[in-house]
Amino acid sequence: MIDTAAQSPAFVAGPTVVVTNASKWFGQKVAVSDISCSFGPGVTGLLGPNGAGKTTLLRMLTGLIGPSEGSVSVLDSDLREDPSGYRQVGLVPEEDAVYGGMTARQFIAYGSKLSGNPDPGAAAQRALAEVEMLDAADRQIGGFSKGMRQRTKVAAALANDPSILILDEPLNGTDPVQRAKLIGLFRQLGATGRTVIVSSHVLQEVERMTDRVLAMVDGKLAAAGDISAIRKAMTDIPYRVFIEVDDPRKLGSALVGEDVIDGITIDGGGLHAEAHDLAQLGTLLPRLSRDLDVRLTTFRPEDESLESVFRYLVRGRK
Amino acid sequence: MTAALTITGVTVRQVLGIKRLVGFGLLSLFPAFIFMVSSGNQSGNALLESFIGIGVGLLYFVAVPVVTLILSASALGDERRDQTLSFIALRPIRRSAIAASKLTAAVTAAFVFTGAGALAMSVAYGIRSSDWNYVIPMLASAAVATIVYAAVFVPLGYLSERSTLIGLAYVFIWEGAIVSAIGTLANTSPWRIGFTAFLALAPEEAQFVEADLGIADPRLGPTLITVAVFIALSLVVTTWILRKRDLV
C-alpha cells in the first residue's frame with residue numbers, strides 16, 4: 001500500500017477507504033472496470049459525466065453493492081461482511097431515500113437510533129441545526145422541496161458524527177445559498193480529519209470543495225490527483241494561454257516561429273497561444289517582449305480549470 | 001435488539017396506512033358478518049358446519065392469505081422499491097436482525113387483521129351457539145397461517161415486484177386447486193397448516209372437516225415444528241439476500 005501510494009496519485013497515505021482492482025458489471029454492462037484507488041482524511045471529489053460509474057463506485061464503497069471482482073475495504077474491514085463498521089460511515093445517496101410519512105426529526109432520529117446512538121433526539125437536533133433545517137424539523141418529509149430533502153439526507157448522514165462521509169450528488173436541488181453553506185460544511189468536515197468523498201457532475205461545485213479529484217469516464221479511472229497536476233500530466237494536449245499585449249500581431253508573428261508554440265489566434269487586444277511547454281513559454285515571452293518592444297499586461301492559462309481538464313479527459317476517452 | 005425492535009415498530013406503522021386499515025379491516029371482518037347473516041335459523045351441527053365452512057372459505061382461503069401476502073410483500077419489498085433500504089441496511093446491524101425484524105413486523109401487522117377476523121368469527125359463533133371453545137383455536141390457527149404466509153412472502157416481496165400477483169396465483173391456483181386435488185401437498189398450503197392448529201385445539205365435534213382439507217396429522221406438535229421450519233428458512237433466505245445480493 002505504501003509503495004502504491006508513493007507511485008500513483010490515485011492513492012493517499014494513511015487511507016481509510018481502499019479500492020483494489022474493483023470491477024462491477026450488471027449482466028453484459030460493465031459499470032466499473034478495474035479501479036484501484038484510496039481515500040483518506042479531507043475532501044475528495046469524484047467526477048464524471050452521467051453514466052461514468054460514480055454512483056456504482058460509491059455504492060461499492062458503502063457495501064450497498066458488492067464488487068464483481070476485486071475488493072473494497074473501509075477502515076480495514078469489508079462492510080458487507082462486518083456491518084459494525086457502519087458506525088463510522090454516513091451516506092447521502094443520490095436517490096430520494098427518505099420516508100415521506102416521517103418528519104425530518106423522526107427520520108434523522110430513526111437513523112441515529114439504528115446506528116446505536118444513545119441519544120438520537122439530541123443527535124437529530126444537532127444535525128438539523130447544522131443544515132439549517134430546524135424550522136422545518138417537524139414537518140413531514142413528503143411535503144419537502146428537493147433541496148430540503150437533500151439537506152435532510154445530509155443531516156441524517158451527519159447525525160452520528162461519522163469519520164467517513166460518502167455523498168452522492170449532495171447538492172442536487174439546493175439553492176445557491178444553501179449550496180454555498182453545504183460546500184462550506186463539507187470543507188470544514190474534511191479539514192477536521194474526516195474522509196469526505198463527494199461525487200458530482202457539476203465541476204464548479206467540486207472545484208470549490210477540494211483540489212483532489214478522481215475523474216471517472218466510462219467506468220474507468222481517467223485521472224487522479226490535484227487539478228493542476230492532472231493537467232500537467234496531460235502532455236499530449238497543448239496548454240492554452242491568453243496573452244494580453246499592446247501589439248498582438250507583432251508578438252504573434254514572432255511566436256509562430258518558436259518550437260514551443262503549436263498555434264496562435266489573434267483576438268482583439270490579445271492572443272491565444274497553444275504551447276506544449278508552459279515553463280518554456282514563460283521564459284520566452286519576457287525575452288520576446290523586450291526584443292520586440294511590446295508591453296505584456298496579462299498572461300493567463302485558459303485550461304487549468306477543472307472543467308477544461310475534465311473536458312480533455314472525456315474527449316480523450318471517447 | 002433495540003435497533004431490531006425499532007425497525008419492527010417503524011415497519012408496522014409504514015405498512016398499516018389508513019386505506020389498508022379500512023380495507024383489510026372490512027375484508028377480515030366480512031366472514032363474521034356473513035356468518036351472522038346466514039346462520040340466523042341454524043343450530044347444533046348445522047351451525048358448526050356453517051361456522052367452519054365460512055371460516056375456511058372466506059377467512060382462511062381469502063382474507064388471511066390476501067391480507068398477509070400484501071403486507072408481508074411490503075415489509076421489505078417496499079424498502080427496496082422506495083429506495084430506502086440503504087437507510088436501514090447501512091447501519092451497524094446484523095442482516096439477520098433486519099430479516100427477523102421485517103418478518104416480525106409483517107406478522108404483527110397482518111395479525112392485526114387476521115386475528116381480528118378470527119376473533120370476530122369465533123365470537124359470532126359464540127353468540128349464536130353459546131359455545132366459546134372456538135376462540136383460542138381460531139386465534140391460534142390465524143396466527144399460524146399468518147406466520148407461515150409471512151415467512152414465504154417477506155423474502156419473495158423483496159425478490160420480485162410481482163410478488164402480490166405471484167402470491168395470489170399461489171393461493172388460488174396452487175392452494176385452491178392443486179393442493180385440494182392432491183391432499184399429500186397439504187404442508188405446502190399455509191392456511192391448511194394454520195387450520196391444523198385449529199383442529200388440534202378445537203373440540204371433537206369439529207374434526208369432521210379433517211379429511212376434506214387433506215389434513216393428515218392434526219396435532220399441535222408437528223404443526224409447531226412446521227411453523228419453526230418455515231420461520232428458519234425465511235430468516236436464512238432473507239439474511240442471505242441482504243448479505244449477498246446488491247441492495248439496490
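We use all heavy atoms of the structure for the numbers below, so side chains are in, but hydrogens, waters and symmetry mates are not. These numbers were taken from a predicted model, which means no experiment stands behind them. Quick note on labels: first sequence line is chain A, next is B, and so on, each numbered from 1.
- With a 4.5 Å cut-off on non-hydrogen atoms, B:Arg245 touches chain A through its backbone but not through its side chain.
- When heavy atoms are compared at a cutoff of 4.5 Å, A:Asp82 does not approach chain B at all.
- Comparing A:Lys153, A:Lys113, A:Gln106 by heavy-atom pairs within less than 4.5 Å of chain B, the highest count is held by A:Lys113.
- With values rounded to the nearest 0.5 angstrom, A:Leu91 atom CG is found 5.5 Å from B:Leu90 atom CG.
- Contact between A:Pro83 and B:Arg94 at its shortest, heavy atoms only, is CG-CA, 4.3 Å.
- Residue with the most contacts toward chain A among B:Ile88, B:Asp82, B:Val248, B:Leu242: B:Val248 (heavy-atom pairs, distance under 4.5 Å).
- Note on ring orientation: taking the six-membered ring where Trp is involved, the planes of A:Tyr99 and B:Phe87 are perpendicular (angle over 60°, cut-offs 30° and 60°).
- Atom-to-atom distance recorded for A:Arg59:CZ and B:Leu247:CG is 10.5 Å, nearest 0.5 angstrom.
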Legend entry - Audit row: B:Arg243, A:Glu81, side-chain contact (heavy atoms from CB on, under 4.5 Å) steps and yes/no: CA-CA 7 Å; B:Arg243 282 187 66 177; A:Glu81 295 299 324; 2.7 Å; yes
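- The 12-atom threshold is exceeded at CZ of A:Arg126, counting heavy atoms of other residues, nucleotides or ligands nearer than 6.0 Å.
- The neighbour count for B:Glu161 CD, taken as heavy atoms of other residues, nucleotides or ligands under 6.0 Å away, does not exceed 12.
- Within the 4.5 angstrom heavy-atom criterion, no atom of B:Leu85 approaches chain A.
- Enclosure of atom CG in A:Asp76 is not indicated, since only 12 or fewer non-hydrogen atoms of other residues, nucleotides or ligands lie within 6.0 angstrom.
- At a 4.5 Å heavy-atom cutoff, the contact between A:Leu64 and chain B is made by backbone and side-chain atoms alike.
- Summarising the local packing, CZ of B:Arg162 is surrounded by 12 or fewer heavy atoms from other residues, nucleotides or ligands at distances under 6.0 Å.
- Looking at B:Val10 and A:Met102, their side chains come closer than 4.5 Å, going by heavy atoms from C-beta outward.
- Residues A:Ser115 and B:Arg91 come closest through the heavy atom pair OG-NH1, 2.9 Å.
- Two residues are said to be in side-chain contact when any heavy atoms from C-beta on lie closer than 4.5 Å; A:Pro93 and B:Ser86 meet this criterion.
- Residues A:Asp96 and B:Gln83 have side chains not in contact (no heavy-atom distance under 4.5 Å, counting atoms from C-beta outward).
- Considering CD1 of B:Ile7 and CG of A:Leu114, their distance stands at 5.0 Å, rounded to 0.5 Å.
- Contact detail for B:Lys244 and A:Arg80: the closest heavy-atom pair is O-NH2, 3.1 Å.
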